[in-house]
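Worksheet: the structure to be examined is printed underneath.
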There are 2 protein chains.
Amino acid sequence: MASQRGEGDLTTPLEPADRERARAIPEAAVARLAVYLRVLSGMADQGVTTVSSEELSTAAGVNSAKLRKDLSYIGSYGTRGVGYDVEVLVSHIERILGLTRKHSVAVVGIGNLGHALANYGGFPGRGFPVTALFDVDDDLVGVPVGGIPVNHIEDIQRVCAEREVSIGVIATPPPAAQGVCDRLVSAGVQCILNFAPVVLQVPDNVEVRKVDLAVEMQILSFHVARRADEAANDLVNGIGVDGMVIRP
Amino acid sequence: MASQRGEGDLTTPLEPADRERARAIPEAAVARLAVYLRVLSGMADQGVTTVSSEELSTAAGVNSAKLRKDLSYIGSYGTRGVGYDVEVLVSHIERILGLTRKHSVAVVGIGNLGHALANYGGFPGRGFPVTALFDVDDDLVGVPVGGIPVNHIEDIQRVCAEREVSIGVIATPPPAAQGVCDRLVSAGVQCILNFAPVVLQVPDNVEVRKVDLAVEMQILSFHVARRADEAANDLVNGIGVDGMVIRP
DNA sequence: TACCGCTTGTGAACGCATGCACAAAGTCGG
DNA sequence: CCGACTTTGTGCATGCGTTCACAAGCGGTA
Ligand SMILES: NC(=O)c1ccc[n+]([C@@H]2O[C@H](COP(=O)([O-])OP(=O)(O)OC[C@H]3O[C@@H](n4cnc5c(N)ncnc54)[C@H](O)[C@@H]3O)[C@@H](O)[C@H]2O)c1
Ligand SMILES: NC(=O)c1ccc[n+]([C@@H]2O[C@H](COP(=O)([O-])OP(=O)(O)OC[C@H]3O[C@@H](n4cnc5c(N)ncnc54)[C@H](O)[C@@H]3O)[C@@H](O)[C@H]2O)c1
């Protein structure tokens with residue numbers, strides 16, 4: 001977290017050059033920057049001080065040209081002939097991703113998934129402390145989960161304001177999701193991570209990301225089906241599963 | 001599930017026309033087709049028989065031209081001037097996504113997240129029955145979770161073969177993920193859904209999808225940071241938060 | 001049957017992302 | 001100080017995905 005800017009300071013603008021860069025970073029590159037950051041943090045923990053685009057790209061599972069282009073979106077912090085300083089890169093990616101301040105997280109719907117999320121230690125360590133839990137079930141209200149007592153959903157506006165929640169996680173059953181979303185929005189939350197398999201309607205100033213496991217599995221299913229079909233087709237055409245031509 | 005093909009039949013090829021289509025469907029469109037399928041299923045449950053591209057695209061949160069193009073990848077099943085028959089569309093999307101057969105799922109790592117996944121009722125209902133659970137912890141082995149007794153990770157090869165597992169879900173701590181992945185692959189699993197924040201190395205014939213919640217949150221963080229910065233910038237330039245020009 | 005209004009399906013244009021290939025720029029050994 | 005070697009940063013071409021816009025096609029109606 002090497003930054004001259006204080007934590008929690010949302011109003012100090014980035015330097016003009018950075019501002020234009022941040023605006024121009026492609027969405028796909030932002031997702032990859034987060035991955036690079038994780039890999040780099042791991043390297044830093046192991047005492048690695050310098051890394052080349054080739055090494056880092058291999059570790060991150062991407063092509064090295066893409067990696068360099070992604071890094072170029074945030075500036076030129078490499079040294080030709082040497083590579084990148086791990087610490088420097090970490091701090092610049094953190095700055096661009098807005099990780100120089102903590103982002104307080106609220107989880108709504110403390111069922112199976114909500115419990116797992118509330119107990120998960122990986123978020124606070126990455127600058128995303130879970131500071132509020134909500135559920136509609138009176139039996140759950142007041143019970144501490146992962147060290148935080150569950151609040152009633154009715155109190156969402158007050159509690160979110162008090163704890164400066166900036167990310168709301170929806171882990172309720174699908175029918176309740178839109179209602180919860182509306183409440184989060186009216187409580188001033190501008191970022192929502194949705195686990196319920198429903199399409200949420202939100203105003204323009206709110207950013208939603210969804211995690212839909214059934215969709216992920218269906219995509220996998222599509223790929224097996226396609227592969228199985230190609231294999232069957234190849235067999236029909238006289239090509240073995242190993243690629244050898246059986247009937248030329 | 002309207003299909004003339006029997007369940008579990010992986011070897012019967014699709015019709016030639018369908019095969020070429022399946023090959024050509026863009027990855028992004030596949031993900032959306034899964035969403036359309038969910039929305040359509042909901043409509044079917046509510047007795048809706050016909051839907052226009054406009055209605056369906058609104059419900060799925062996309063632009064109607066994109067929806068029509070996506071549907072055109074799987075064939076022409078609409079009626080001009082009328083719209084699409086919900087049932088027909090559902091069965092065609094299911095066929096293209098390979099959902100005419102069940103895909104047996106194994107979850108590895110029955111901790112916080114593994115428990116939630118094993119207990120989740122949404123997968124079996126969508127053709128993804130969870131049929132095997134694995135953990136390295138002896139205290140967990142034999143304990144039923146969500147109705148299925150946990151097996152020891154050592155038995156993964158035998159059990160996956162017996163239960164014809166086609167999708168492996170990794171919910172172990174990050175350091176164990178690659179090892180678990182290798183075991184799944186050697187057990188013949190070709191589809192992997194990975195929750196551990198690590199980049200998995202797999203052979204070409206294995207499909208991996210990852211769900212990385214920290215990355216999702218960092219993407220959200222990037223967007224708030226950018227927005228906050230734009231707002232601060234606008235204030236400096238004399239534009240109020242409501243878009244009104246304060247100092248013209 | 002002929003017309004009208006509506007909705008699909010798609011050609012074409014555009015914009016974004018990816019990957020290549022190389023000049024520029026630095027390090028390091030002699 | 002120089003020259004060889006390494007690695008970055010990026011201009012450019014290519015391909016993929018999105019969006020527009022409209023002709024083609026269908027049902028309903030008179
Ligand atoms: N469990 C999983 O592994 C999993 C996987 C994929 C998707 N999901 C999705 O995540 C969501 C949660 O799944 P789950 O298994 O934890 O469900 P769950 O039924 O175990 O928990 C849901 C919780 O939400 C609470 N709730 C209901 N209405 C609410 C409201 N209006 N406001 C606040 N809280 C409310 C309930 O009291 C309950 O505690 C569902 O939409 C599910 O489809 C879950
Ligand atoms: N819990 C969450 O909400 C959450 C959120 C995001 C990411 N994740 C990731 O998901 C993974 C699991 O998280 P969790 O909170 O459930 O962790 P956890 O520690 O609660 O559970 C991990 C389980 O994996 C088992 N395990 C360890 N090594 C194993 C091996 N070699 N083979 C089989 N099983 C093994 C452990 O015995 C334990 O039961 C982690 O990688 C975590 O980073 C979890």
Side-chain angles (χ1 to χ4, degrees), chain A residues 17-18 20-36 40 43 48-89 92-93 96 219 222-223 226, chain B residues 17-18 20-36 40 43 48-89 92-93 96 219 222-223 226:
Chain A
D18 287 339
E20 296 201 1
R21 284 206 188 89
R23 224 187 285 279
I25 301 180
E27 185 76 17
V30 173
R32 286 191 297 268
L33 283 171
V35 174
Y36 306 153
L40 286 165
M43 288 177 168
V48 178
T49 58
T50 299
V51 69
S52 72
S53 63
E54 200 63 47
E55 295 167 305
L56 183 52
S57 67
T58 305
V62 302
N63 157 329
S64 73
K66 196 190 303 198
L67 173 107
R68 287 198 299 276
K69 181 145 305 218
D70 287 345
L71 293 183
S72 80
Y73 292 128
I74 67 174
S76 300
Y77 304 112
T79 307
R80 295 173 190 225
V82 178
Y84 301 89
D85 183 285
V86 175
E87 297 281 349
V88 169
L89 220 44
H92 279 108
I93 296 177
I96 291 288
I219 295 171
F222 170 79
H223 286 293
R226 195 172 47 76
Chain B
D18 285 340
E20 297 202 2
R21 285 207 187 89
R23 223 187 286 278
I25 302 180
E27 184 76 17
V30 173
R32 287 191 298 268
L33 282 171
V35 174
Y36 305 153
L40 285 164
M43 288 177 168
V48 178
T49 58
T50 299
V51 69
S52 73
S53 63
E54 201 62 48
E55 294 167 306
L56 183 53
S57 67
T58 304
V62 302
N63 153 330
S64 72
K66 196 189 302 199
L67 173 103
R68 287 198 298 276
K69 178 138 300 202
D70 287 345
L71 293 182
S72 79
Y73 293 129
I74 66 173
S76 301
Y77 303 111
T79 307
R80 294 173 192 227
V82 178
Y84 302 89
D85 181 287
V86 174
E87 297 280 349
V88 169
L89 220 43
H92 280 109
I93 296 177
I96 291 287
I219 295 171
F222 169 79
H223 286 293
R226 193 171 48 76

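Residue numbering restarts at 1 for every chain, and letters A, B, ... go by the order of the sequence lines.
The stretch residues 61-84 of chain A participates, sequence neighbours left out, in these salt bridge (charged side-chain N to carboxylate O under 4.0 Å, His left out) pairs: A:Arg32-A:Asp70.
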* A:Leu89 and A:Leu40: CA distance, side-chain angles, deciding distance, side-chain contact (heavy atoms from CB on, under 4.5 Å) verdict -> CA-CA 8 Å; A:Leu89 220 44; A:Leu40 286 165; 3.9 Å; yes
* To do: Please assess A:Tyr36 against A:Leu67 for the test side-chain contact (heavy atoms from CB on, under 4.5 Å), listing each intermediate value before the final yes or no.
  => CA-CA 9 Å; A:Tyr36 306 153; A:Leu67 173 107; 3.6 Å; yes
* To do: Test side-chain contact (heavy atoms from CB on, under 4.5 Å) on A:Val86 and A:Thr49 and set out the steps.
  => CA-CA 5 Å; A:Val86 175; A:Thr49 58; 5.6 Å; no
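The separation between B:Tyr84 atom OH and C:dC6 atom C1' is 13 Å, rounded to whole Å. If you take CG of B:Leu71 and P of C:dT8, they are 9 Å apart, rounded to a whole angstrom. One can place OH of B:Tyr77 at 19 Å from C1' of C:dT7, the figure rounded to the nearest angstrom.
Less than 4.0 Å separates DNA chain D from at least one heavy atom of each of the following residues of residues 49-67 of chain B: B:Asn63, B:Ala65, B:Lys66.
When all heavy atoms of B:Ser64 and B:Ser53 are compared, the pair lying nearest together is CB-O, 4.0 Å.
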* **Under 4.0 Å protein heavy-atom contact, by nucleotide of nucleotides 22-29 of chain C - B base, S sugar-phosphate only** => --BBBS--
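In this structure A:Ser52 satisfies the side-chain contact (heavy atoms from CB on, under 4.5 Å) test together with A:Glu54, A:Glu55, sequence neighbours excluded. Under the rule for a ring pair (Phe, Tyr, Trp, His ring centres under 6.0 Å), the partners of B:His92 that lie at least two apart in sequence or sit in another chain are B:Tyr77.
The side-chain heavy atoms of A:Met43 and A:Val51, taken from C-beta on, include a pair separated by under 4.5 Å. A:Leu56 is not listed as a side-chain neighbour of A:Tyr84, based on a closest heavy-atom distance of 4.5 Å or more. Side-chain contact between A:Phe222 and B:Ile25: present, with at least one pair of heavy atoms (C-beta onward) separated by less than 4.5 Å.
Chain A approaches DNA chain D within less than 4.0 angstrom (heavy atoms of the protein), and the contacting nucleotides run 5' to 3' from D:dT6 to D:dC12.
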